[in-house]
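FYI, side chains are in, hydrogens and waters are out, and symmetry mates aren't considered; it's all heavy atoms of this structure. Just so we're clear, the structure is a prediction, and the values are computed from it rather than from any experiment.
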Amino acid sequence: MTGRETILGRLRAALGEPRPTPDEIPRDYRTAGVVAADLDVFVDRLTDYRATVHRCADADVAGLVGQLLGGRQVVVPPGLPRHWLPETVHAVPDDGLAATRIAAADGVVTAAAVAVAETGTIVLDGSPDQGRRIITLLPDVHVCVLRTDQVVATVPDALTRLDPHRPLTWISGPSATSDIELDRVEGVHGPRNLHVIVTG
């Protein structure tokens, strides 16, 4: 008799006969499409997380990026819409850049896959306009451009728009943690500054 069989035999003896049937597991999860997304709630959540939110028309995105990162070197994913970048920004496309090169950049500009109003969360899925996860972790400033139609109400709503086989990064505000004395420390696991541009 193996050790496994011995342990299972003891468990069966302890449980007795007949074996108890497990309780019915409730499956009444909250589903998608129950409520509409509230953009003001999304902005409020992001602001509470110490992110900075800007709202503008699509045609004004480049000007706003210029105000935030003008004159600086910025990493961009290969599929980022070029009309979001002003001439004042020195854009370095990520074509497999080394980590040291990415870390030396002043910021990164990306799009997003979806955002959740209820939690103030932005989800990146590694699409060409969002790039590799590393480019949003090493620079000190992350500017994320988001269309209003990408903001959904709840996490179940977001999951219906996401491919679970893609590398998903869920962001709720700038990187922050706390030390043993519960003092907030920013920038340890990602950018200290998150700017979200909501367009549309």
Side-chain angles (χ1 to χ4, degrees), residues 25-58 60-61 64-65 68-69 74-81 84 94 107-178 182 184-200:
I25 298 173
R27 303 289 182 186
D28 55 343
Y29 308 125
R30 186 170 59 173
T31 56
V34 177
V35 294
D38 187 330
L39 198 58
D40 291 331
V41 169
F42 176 64
V43 171
D44 183 61
R45 296 287 191 273
L46 279 173
T47 304
D48 191 48
Y49 296 145
R50 299 189 185 178
T52 305
V53 182
H54 313 268
R55 295 173 76 170
C56 69
D58 188 68
D60 299 326
V61 170
L64 194 45
V65 170
L68 298 171
L69 293 168
V74 177
V75 175
V76 295
L80 189 79
W84 287 352
D94 176 36
V108 59
V109 180
T110 71
V114 69
V116 183
E118 183 179 56
T119 60
T121 303
I122 297 166
V123 186
L124 310 179
D125 69 0
S127 292
D129 60 356
Q130 297 153 54
R132 298 184 296 157
R133 185 170 187 258
I134 191 172
I135 69 172
T136 61
L137 293 177
L138 298 182
D140 194 48
V141 180
H142 180 189
V143 176
C144 183
V145 184
L146 188 68
R147 298 186 318 272
T148 54
D149 64 358
Q150 291 179 293
V151 180
V152 297
T154 65
V155 171
D157 291 307
L159 292 175
T160 64
R161 296 193 183 193
L162 295 169
D163 179 353
H165 298 101
R166 295 196 64 80
L168 302 177
T169 302
W170 298 65
I171 301 168
S172 295
S175 167
T177 188
S178 59
L182 300 181
R184 182 182 171 101
V185 181
E186 297 178 344
V188 176
H189 308 295
R192 284 184 303 152
N193 301 286
L194 174 64
H195 292 270
V196 180
I197 300 177
V198 181
T199 178

J.: Sequence neighbours left out, what passes salt bridge (charged side-chain N to carboxylate O under 4.0 Å, His left out) with Asp94? Give chain and number order.
T.: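 Per chain and number, Asp94 pairs via salt bridge (charged side-chain N to carboxylate O under 4.0 Å, His left out) with Arg132.
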J.: Between Leu46 and Gly173, what is the shortest heavy-atom contact and its length?
T.: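 Between these two residues, the closest heavy atoms are CD2-N, 4.4 Å.
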J.: Can you give the donor-acceptor pairs under 3.5 Å from side chains of residues 162-170 to other protein atoms, not counting sequence neighbours?
T.:
{"residue": "Asp163", "atom": "OD1", "partner": "His165", "partner atom": "N", "Å": "2.9"}
{"residue": "Asp163", "atom": "OD1", "partner": "His165", "partner atom": "ND1", "Å": "3.2"}
{"residue": "Arg166", "atom": "NE", "partner": "Asp125", "partner atom": "O", "Å": "2.9"}
{"residue": "Arg166", "atom": "NH2", "partner": "Asp125", "partner atom": "O", "Å": "3.3"}
{"residue": "Arg166", "atom": "NH2", "partner": "Gly126", "partner atom": "O", "Å": "3.1"}
{"residue": "Thr169", "atom": "OG1", "partner": "Arg133", "partner atom": "NE", "Å": "3.3"}

J.: For Phe42 and Leu146, what are the C-alpha separation, side-chain angles and deciding distance, and is it a side chain to side chain contact (heavy atoms under 4.5 Å, CB included)?
T.: CA-CA 12 Å; Phe42 176 64; Leu146 188 68; 3.6 Å; yes
J.: Is there a donor in the side chain of Thr154 and an acceptor in the side chain of Asp157, or the other way round, less than 3.5 Å apart?
T.: yes
J.: To the nearest 0.5 Å, tell me how far Ile197 CD1 sits from Leu68 CG.
T.: 5.5 Å
J.: To check you understand the geometry: which heavy-atom pair defines the closest contact between Ala37 and Ala153, and what is its length?
T.: CB-N, 3.6 Å
J.: Quick one: NE2 on His54 to OG1 on Thr199, what's the gap to the nearest 0.5 Å?
T.: 13.0 Å
J.: Ignoring hydrogens, what is the shortest heavy-atom contact between Gly120 and Arg45? Give both atom names and the distance.
T.: CA-CB, 3.5 Å
J.: Using atom types as modelled, flag every donor-acceptor pair under 3.5 Å from a side chain in residues 107-119 to any protein atom, sequence neighbours excluded.
T.:
{"residue": "Thr110", "atom": "OG1", "partner": "His142", "partner atom": "NE2", "Å": "2.8"}
{"residue": "Glu118", "atom": "OE1", "partner": "Arg30", "partner atom": "NH2", "Å": "3.0"}
{"residue": "Glu118", "atom": "OE2", "partner": "Arg30", "partner atom": "NH1", "Å": "3.1"}
{"residue": "Thr119", "atom": "OG1", "partner": "Thr121", "partner atom": "OG1", "Å": "2.7"}

J.: So, using side chain to side chain contact (heavy atoms under 4.5 Å, CB included) as the criterion, who are the partners of Asp60 when residues are at least two apart?
T.: Cys56, Ala57
J.: Mind checking what makes salt bridge (charged side-chain N to carboxylate O under 4.0 Å, His left out) contact with Asp40, not counting sequence neighbours?
T.: Arg55
J.: Heavy atoms, side chains only, cut-off 4.5 Å: are Asn193 and Asp140 in contact?
T.: yes
J.: Between Val196 and Ile122, is there a side-chain heavy-atom distance shorter than 4.5 Å?
T.: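 Ile122 reaches Val196 side chain to side chain.
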J.: Not counting sequence neighbours, list each pair that qualifies as a salt bridge (Lys or Arg N to Asp or Glu O under 4.0 Å) and has a residue in residues 145-156.
T.: Arg147-Asp149
